[in-house]
Amino acid sequence: MLTKELYNQYKNEALKYLEKAHIAVTDEEIEKLEVAEYELGCLDKIGLELVVYVNTEKCCAKELVLLPNQTCPEHRHPSVDGKDGKEETFRCRYGKVYLYVEGEKNCDISDKIPEGFDGCFTCAHEVVLNPGEQYTIMPNTLHWFKAGDEGAVVSEFSTKSMDEFDIYTDKRIDPAGKRNI
Ligand code: ZN
């Protein structure tokens, strides 16, 4: 459970990374900074921190912070009411991001999967993003990602976010319960 203390701890840590990435945010954005813990109770392994800049019918922009080795769980953005799911572009601003998408296996993910989460991560096509590098994920494509030892800051540009329709590989995660990216 995300207690107030835990929320503040992770929020304060995330703010340090935004500063390292030289990304300015307003007091109002700091106030609304989200800590996604997916109700799994292991934020040090699974979770992320985010600032949502805009989310309209047509576009969405967010800043994502991953603390060292923090992992965003595998998910996809399906079509909703006949409209394509979310298309998203991740651009690394700070640190290193290990992104995994559907496609030909090109790596061994066993050392990247958080302990105790075997079976919750299936994509093994790795794309490594360093600062200034980006990758676009098409709608309904399974993906997950993880920061390296230094943590990471990632800008996300996408079509509309409809978190409640996201589909997770780990069925313990309730998409209506927590923000996702
Ligand atoms: Zn996503």
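Treat the numbers as computed from the prediction; the structure is a model and nothing was measured. Indexing begins at 1, ligand by ligand and atom by atom, following the structure's order.
One hydrophobic cluster, built from ILVMFWY side chains closer than 4.5 Å, cannot hold both Ile137 and Ile167; they sit in different ones. When hydrophobic clusters are built by joining Ile, Leu, Val, Met, Phe, Trp and Tyr residues whose side-chain heavy atoms come closer than 4.5 Å, directly or via intermediates, Leu129 is grouped together with Leu66.
Among the atoms of Asp166, no N, O or S atom is found under 2.8 Å from the Zn ion (ligand 1). Among the atoms of Cys72, no N, O or S atom falls under 2.8 Å of the Zn ion (ligand 1).
Angle NE2(His77) to the Zn ion (ligand 1) to NE2(His143), rounded to 10°: 110°.
The backbone N or O of Glu126 lies less than 3.5 Å from a partner atom in the side chain of Asn106, making a donor-acceptor pair.
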Residues His143, His125; criterion ring pair (Phe, Tyr, Trp, His ring centres under 6.0 Å); working and verdict: CA-CA 9 Å; His143 57 284; His125 183 84; over 10 Å; no
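Atom NE2 is the N, O or S atom of His75 at the shortest distance from the Zn ion (ligand 1). Restricting Glu88 to its N/O/S atoms, the shortest distance to the Zn ion (ligand 1) is reached by OE2.
Cation-pi geometry between Lys20 and Tyr17 is satisfied (NZ or CZ under 6.0 Å from the ring centre, within 45° of the ring normal).
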